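Note that the coordinates shown come from a computational prediction; the quantities given were computed from them, not determined experimentally. As the structure lists them, so they are numbered: ligands from 1, and atoms in each ligand from 1.
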Amino acid sequence: MDVQSPESLELAAPAQRGAWTVTESGWDPTRANYFETVFTVGNGRLGTRGSLEEGHLGDVSGTFLAGVYDAHDSPVIDLVNAPDWLNTVVYADSERLDVDTLDVVEHERVLDLKTGVLHRRTVFALGDGARVEVATARFASMADRNQCRLRVRVTPLDRAVDLSITTRIDAHRRNMESLPIYPEGTTFDYERKWDKWSLSRHLREKGRGFTGDVGSIVTQTIDSDVEIAYAMRVCAVGDLTGRSRKQRHERVEETLEFRAEPGVAVGFDKVVGIATSRDVGVERSPAQRASAATESADFDAALAKSEAVWAQLWESSECEIVGDDRAALALRFSVYHLLIAANPDDPTVNIGAKSLSGEGYRGHVFWDTEIMMLPFFLFTQPRAARALLGYRHHTLRGAREVAADSGFRGARYPWESADTGREECPVTTPDGKNRFYTRDEELHVTADVAYAICRYAEVTGDVDYLYGEGAEILFDTSQFWVSRCVDDGDRAVLLTVMGPDEFHSHIDNNAFTNRMVQWHLEQAVRVYREMAEHRPDELARLRDALSISDSDVEVWADLAARIVAPVDPDVGLIEQFDGYFERLEVPITVWDENDMPQYPAGYHHFNCEDTTLLKQPDAVMLMFMLPDDYSMETRRANYDFYEARTLHKSSLSPSIHAIVGLQVGNSSKAEQYFARSAFVDLDDNQGNTEEGMHIASAAGTWQVVVHGFAGFLAGVDGLSFAPALPESWERVKFSIHWRGRVVKADLGHDVNRFTLVGDGEPEEIHVHGAAVVLTPGVEVEVEAVATV
Ligand code: BGC
């Protein structure tokens with residue numbers, strides 16, 4: 001290319017390449033939906049998919065605002081596809097610059113993981129062959145979560161053109177609801193793939209217009225009544241020949257016109273303010289706050305502020321693999337998506353299974369947060385961890401309703417949760433063919449929440465939380481277990497449940513659920529007794545509020561002692577549920593090109609009930625969560641047995657296998673499992689990244705590095721490390737937040753280095769079992785232990 005504007009080049013070339021960027025080179029419409037997910041930008045408060053500004057056939061664009069759900073005419077409540085702040089259309093000499101109608105001469109997009117900016121550079125050829133370059137950059141500010149920015153520059157490369165650039169806020173949005181049933185094997189090309197879906201409307205317009213140069217539009221969700229205000233200010237760059245503003249139903253827009261000379265970039269910087277009536281801790285109306293966020297049109301200054309926050313986030317979350325660039329990139333990519341998924345300032349929202357990057361799972365929240373994601377936040381962003389737990393307290397009322405709806409006492413968290421904490425899991429698959437029993441039977445999520453509460457308290461030492469919100473949840477959910485378990489002679493049993501392995505429903509005494517319930521009750525008893533001793537006033541308040549007494553606590557303790565515990569010290573193997581060992585053995589014999597096991601012939605998600613095939617493993621998960629409960633022998637035996645029967649049809653499964661495999665000394669497959677987890681989205685190895693990120697797997701990837709290869713554990717006895725890195729990795733570096741201080745670990749094959757950052761007393765840690773004392777500010781070197 002002979003003529004380029006320096007400014008537009010800068011837009012498309014982030015300073016950091018390699019392990020800090022994800023790149024799309026060339027335009028391939030069949031990959032577009034994948035990149036829309038992968039290129040999501042966000043700030044925890046919102047996420048915007050990486051769609052092209054001008055749209056294209058088959059695109060699936062979306063901006064999602066954490067906590068903004070609506071049901072209206074959809075069968076199941078949706079995370080609302082909120083107004084679009086990017087929509088921009090460029091005409092050059094009356095030809096529309098888009099990938100469907102013009103030849104794309106060059107196309108590159110680069111997501112800069114370090115700064116959260118998505119850069120684009122596309123060169124189109126007009127009908128006569130004259131080339132026009134469009135360069136854009138966009139980000140959702142980390143410094144002001146109400147603010148998004150878009151920069152657009154258009155440069156004719158061969159001759160002067162008349163340019164008309166229109167940029168909008170487009171509130172005409174729909175969620176995809178259900179796919180009509182077509183005969184099996186029907187396929188659609190990428191252009192029509194999404195058109196088949198029926199759409200659901202969640203927004204109605206409340207007002208729009210321009211005040212001075214600020215265009216705004218206010219909508220409201222139809223059922224849930226959340227007011228959403230957007231405001232935009234557009235700052236033109238270049239000599240305008242015309243400018244106009246227009247408002248139409250569900251849309252405000254501004255058009256800029258230029259006579260553009262070759263090699264000279266023109267365009268605009270746009271700031272968009274976004275605010276809702278559900279934002280916490282704010283006073284002014286959403287419209288006022290959205291408008292206030294547009295006060296400064298200075299893109300570069302806003303970017304610098306956002307970058308400064310990103311720098312802090314990476315400082316506390318950086319996790320680096322040295323010596324394997326591909327693995328290093330996959331890890332950073334995972335951490336990036338985790339960082340844009342959580343909002344430490346809002347304890348009323350949580351992270352859905354697809355974060356804010358797509359409509360998959362309709363934005364619903366699962367146990368994924370507590371078990372897969374929380375450890376990442378706990379050890380790198382404790383404030384975000386606290387906010388995520390806050391959501392479970394915020395939705396406790398809904399959990400009480402879930403328990404009451406099924407005739408039980410106390411509180412039971414729903415399998416799929418949204419804004420209220422009531423059950424939002426669909427009853428059937430979208431085609432109505434298969435019933436989901438997860439909503440009725442996957443009770444373990446309640447114990448998983450209890451687990452997360454206790455882990456948070458243990459790691460942070462935040463006893464105020466534990467004896468406040470934490471205790472309220474622990475006690476009320478214990479009441480649920482008391483009413484849900486039934487007596488069977490001296491034993492207590494839990495009937496008709498489903499464990500994490502969703503291939504088996506209506507089962508009795510699921511090993512995972514029973515043990516986690518037992519653990520949950522044990523913790524509730526412990527916390528109650530601690531409070532009786534140290535916090536009698538707070539305990540009295542909770543006893544009143546929850547109508548519980550000392551006798552209830554005796555019941556919890558008794559139930560914990562009697563519930564069928566799935567440990568067989570003689571055999572070592574844990575039966576996943578009553579009768580599992582009698583089910584049909586069907587060997588797994590086929591793996592796909594991504595190394596993922598395939599269903600044996602004739603089997604699919606809904607007909608493995610009578611077999612020992614697993615979607616994801618319960619016993620291995622249990623050993624991951626409560627490693628100290630089981631002997632090494634038992635852990636190894638269970639890992640070997642269940643691993644051979646697991647199809648990993650949940651993206652949560654591979655990372656857990658990597659970690660437990662490493663812990664039990666069966667590391668042969670750990671790298672393979674790490675790769676399955678780390679590349680689930682980068683390589684799209686489950687084939688559905690277009691629907692949104694597998695954010696639990698992203699967190700699992702971090703856990704494999706830190707809890708797996710670095711052998712890091714944190715418990716009452718403090719921190720311990722047992723590094724055993726893959727041969728191809730030179731070093732692994734990461735930081736752990738521990739009780740208000742930070743431990744930096746830099747681990748290798750020959751030497752491990754640790755630094756304690758913060759004030760105060762020395763901290764004793766353990767490395768491969770040997771005590772090492774860290775003094776604040778002093779790097780300590782420990783010789784590595786040969787692990788092979
Ligand atoms: C898994 C669940 C998970 C859910 C959302 C399902 O396929 O089996 O364990 O919570 O996906 O990620």
Side-chain angles (χ1 to χ4, degrees), residues 37 76-77 79 334 337-338 341 350-376 388 391-392 413-418 423-426 428-430 434-449 451-452 497-505 507 510 512-513 516 576 596-597 599 604-606 608-609 613-622 624-625 642 645-657 676-677 680-681 685-701 703:
T37 295
V76 182
I77 197 165
L79 181 65
S334 300
H337 275 281
L338 288 161
N350 206 275
I351 304 175
K354 300 285 179 188
S355 62
L356 297 167
S357 66
E359 290 185 32
Y361 284 122
R362 297 163 193 272
H364 295 179
V365 173
F366 294 70
W367 70 316
D368 304 29
T369 307
E370 278 76 19
I371 304 308
M372 302 299 294
M373 295 180 234
L374 198 83
F376 166 79
L388 291 169
Y391 165 83
R392 292 298 189 179
Y413 284 100
W415 178 239
E416 296 190 24
S417 188
E423 182 60 78
E424 308 293 0
C425 178
T428 66
T429 48
N434 295 289
R435 170 87 158 79
F436 283 122
Y437 289 101
T438 49
R439 55 177 289 134
D440 314 287
E441 299 181 359
E442 216 163 337
L443 306 181
H444 65 84
V445 58
T446 296
D448 304 327
V449 171
Y451 179 83
V497 302
M498 187 189 272
D501 162 39
E502 294 170 351
F503 282 177
H504 297 96
S505 49
I507 54 171
N510 170 244
F512 180 88
T513 310
M516 289 312 298
Q576 184 169 303
M596 300 297 280
Y599 284 107
H604 56 78
H605 191 287
F606 291 98
C608 297
E609 293 273 1
L613 290 168
L614 305 182
K615 178 180 181 187
Q616 64 208 87
D618 293 6
V620 175
M621 186 52 117
L622 199 49
F624 164 73
M625 288 170 66
Y642 284 108
R645 289 160 179 78
T646 301
L647 285 165
H648 306 291
K649 293 298 171 190
S650 162
S651 68
L652 279 58
S653 187
S655 53
I656 301 305
H657 276 83
R676 284 184 190 164
S677 177
V680 65
D681 289 313
N685 69 21
Q686 296 216 340
N688 59 357
T689 293
E690 60 193 16
E691 293 170 20
M693 288 288 297
H694 297 83
I695 196 67
S697 186
T701 299
Q703 290 208 52

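In this structure, Arg439 fails the cation-pi test against Tyr437, since its NZ or CZ atom is not both closer than 6.0 Å to the six-membered ring centre and inside 45 degrees of the ring normal.
The closest side-chain donor-acceptor pair between Asn688 and His694 falls under 3.5 angstrom. Counting only N and O atoms by type, the side chains of Asp501 and Gln576 include a donor and acceptor under 3.5 Å apart. One side chain, Thr701 or Ser677, offers a donor N or O that lies under 3.5 Å from an acceptor on the other.
Between Phe503 and Phe606, the distance from one ring center to the other does not fall under 6.0 angstrom.
Annotation: ring-ring contact (aromatic ring centres under 6.0 Å, His included) contacts of Tyr642 (sequence neighbours excluded): Tyr580.
The protein residues lying under 4.0 angstrom from ligand 1, judged by non-hydrogen atoms, are Ala353, Tyr361, Phe366, Trp367, Asp368, Trp415, Glu502, Lys615, Gln616, Ser650, Leu652.
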